[in-house]
Number of protein chains: 2
Amino acid sequence: MLFFEARRTRLSGTATPSPLNLYQLRRTCSTCSLSELCLPMGLESGDMQRLEELVALRGPVNEGDHLFRVGDPLRVLYAVRGGFFKSYLVEANGREQVLGFHLPGELIGLDAIWPEQHQCNAVALNTASVCELPYAGLSDLGRQVPGLQHSMLRLLSKELALSHSLAGDYSAEERVAGFLLSLSSRMKARGHSETHLTLAMSRRDIANYLRLATETVSRVFSRFEQDGLVSVDRREVMLRDLEKLGQIGRCFTVG
Amino acid sequence: MLFFEARRTRLSGTATPSPLNLYQLRRTCSTCSLSELCLPMGLESGDMQRLEELVALRGPVNEGDHLFRVGDPLRVLYAVRGGFFKSYLVEANGREQVLGFHLPGELIGLDAIWPEQHQCNAVALNTASVCELPYAGLSDLGRQVPGLQHSMLRLLSKELALSHSLAGDYSAEERVAGFLLSLSSRMKARGHSETHLTLAMSRRDIANYLRLATETVSRVFSRFEQDGLVSVDRREVMLRDLEKLGQIGRCFTVG
DNA sequence: GGCCCGCATTGACCTGAATCAGGTTTCCCG
DNA sequence: CGGGAAACCTGATTCAGGTCAATGCGGGCC
């Protein structure tokens, strides 16, 4: 029931000065597939198998359940099997900051790789299920298989890339288009339709993530719909003109 | 003679569509001290010594000289001894994007830790000198000393933090104040005055880094001066009220 | 069913920063 | 020394997006 108004009060207004918060700065979103972790770095099949043996299934995760919270020790990495997650931070003044969304097939928890403590919260946006990868085992394996270490670094470096893409001064339309395309390509990579999206997150989460006002997100959706780029019905979104969307939002599209 | 007007043309205007550029997204700035790399992770003195043995001095670096460019293989990491550097990217359309500034005592080149190729350019802002840390040796050492690996991860994760601090929707004043404070605290950490700064970078570089217009940076400087927060004379800046600056710019201040 | 609450959309308005258009100073180089 | 190009500052204007406010809509719950 916390974090409703997530807007930042401007300096000029009745700003409530928030003290320096280091955690506030460690915004990490881990959007990487399990196969990405293993396959491209040339793990041998033996190693792959040993990795797979580590994986444990876990019961269903209900909407609103947390996988972990800021400060929790890094026990396992999570691979999303079904459902959506979001990771977020609560800043000192109670405002929420959405760091990223996590789709089926992606990995959550890398933000904690150092100092082995989670730097953000991860919560299910709808009923979901996950696999658990015990970090200790992963770490042991990493010592024997240098490729795994590199994979980790690679993923971290990809995080860095992704976070940078949010830093640029992009217009609202670029941001929204890029967001939609990113979801689209990630869904496609998992074998889903690339044109039909069901957004699991609210407009507010999207806006917060993109650092826009919810009203702006709404308006951009409407404008896109008017221009025939998309069809929107509540949280069902149909991408009608990937080409044009790409022209607008290319800056956001990370693999 | 490249990259003069680095402004982003807005979508609505006569936007020149720039194709997707992956490198554009991998914006990395490596602002970390050498001692930070070694000391806090509890390297034993023997290991420290072996690290020091790797270090090689290098002749003077002239203003405008590049340490490396995008795509160069990662041969060495650089520790700045004197002078300032900036790291930047040239986007597909020729616009420049400043990623960070590097002060004496800091480490440059971590952006390339994976895939061992530099992801940005690093150039001297004035006459400078550096030490070189051969990466191969560092890497060998890292295999024997797990703490070093962790240090690397830690630094990367710090990069991530820093990059995130630029992502928030901060006002021009917050950005500028934070920028000054960041320089101040970094200079102080190296034993310099924390109130008297000599900016090695142009207003344009600052603006580009903070994602503002140069005019805005200028105006904020003037406003701060009027309010008695700073005294500015060209590139000489005197911080007169750290307290108030801190209230304004706290969000930026990373260790 | 009817109430209520939270989400979403839309319009009117405001504001911070970009843009445009000067101007001055500094410094480089012939 | 003088010309010219940067760098820097300042004011006027514009505009994207935030803020405020009103309304619609769907779903849970008594």
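Bear in mind the structure is a predicted one, so any value in this text is a computation, not a measurement. Chain letters run A, B, ... following the sequence lines, proteins first and then strands; every chain starts at 1. Worth knowing before you read on, the calculation uses all heavy atoms, side chains too, and leaves out hydrogens, waters and symmetry mates.
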Which is true for [X] with a 4.0 Å heavy-atom rule: it touches a base, it touches only sugar-phosphate, or it touches nothing?
{"X": "Ser202(A)", "result": "sugar-phosphate"}
{"X": "Arg223(B)", "result": "nothing"}
{"X": "Arg234(B)", "result": "sugar-phosphate"}

Check your understanding: Do the side-chain N and O atoms of Thr198(B) and Glu236(B) include a donor-acceptor pair separated by under 3.5 angstrom?
Key -> yes
**Study point:** Pair Glu174(A), Ser171(A): side-chain N/O donor-acceptor within cut-off below 3.5 Å
**Key:** yes
Review point. Is any side-chain N of the basic residue among Lys86(A) and Glu96(A) closer than 4.0 Å to the acidic one's carboxylate O?
Key: yes
Closest to the [X] side chain: [options]?
{"X": "Ser218(B)", "options": "dT10(C), dC8(D), dG17(D)", "answer": "dC8(D)"}
{"X": "Glu215(B)", "options": "dT9(C), dA12(C), dT10(D)", "answer": "dT10(D)"}
{"X": "Ala213(B)", "options": "dT19(C), dG17(D), dG18(D)", "answer": "dT19(C)"}

Any side-chain N or O of [X] below 4.0 angstrom from OP1/OP2 of [N]?
{"X": "Thr216(A)", "N": "dG17(D)", "value": "no"}
{"X": "Arg204(B)", "N": "dA7(D)", "value": "yes"}
{"X": "Ser222(B)", "N": "dT10(D)", "value": "yes"}

For [X] and [N], what is the distance between atoms [atom1] and [atom2] respectively, to the nearest whole Å?
{"X": "Arg211(A)", "N": "dG16(C)", "atom1": "CZ", "atom2": "C1'", "answer": "19 Å"}
{"X": "Phe221(A)", "N": "dT10(C)", "atom1": "CZ", "atom2": "P", "answer": "12 Å"}
{"X": "Tyr170(A)", "N": "dA16(D)", "atom1": "OH", "atom2": "P", "answer": "19 Å"}
{"X": "Asn208(A)", "N": "dC7(C)", "atom1": "CG", "atom2": "C1'", "answer": "15 Å"}
{"X": "Glu236(B)", "N": "dC8(D)", "atom1": "CD", "atom2": "P", "answer": "12 Å"}
{"X": "Glu63(A)", "N": "dG28(D)", "atom1": "CD", "atom2": "P", "answer": "10 Å"}
{"X": "Arg203(B)", "N": "dT24(C)", "atom1": "CZ", "atom2": "P", "answer": "19 Å"}
{"X": "Asp205(B)", "N": "dA7(D)", "atom1": "CG", "atom2": "C1'", "answer": "12 Å"}

Point to revise | Position toward the 5' end of DNA chain C (nearest nucleotide), Arg219(A) or Arg235(A) | key: Arg235(A)
Check your understanding: Less than 6.0 Å separating the ring centroids of Tyr209(B) and Phe101(B)?
Key -> yes
**Study point:** Audit row: Asn121(B), Phe68(B), side-chain contact (heavy atoms from CB on, under 4.5 Å) steps and yes/no
**Key:** CA-CA 6 Å; Asn121(B) 310 283; Phe68(B) 50 79; 5.8 Å; no
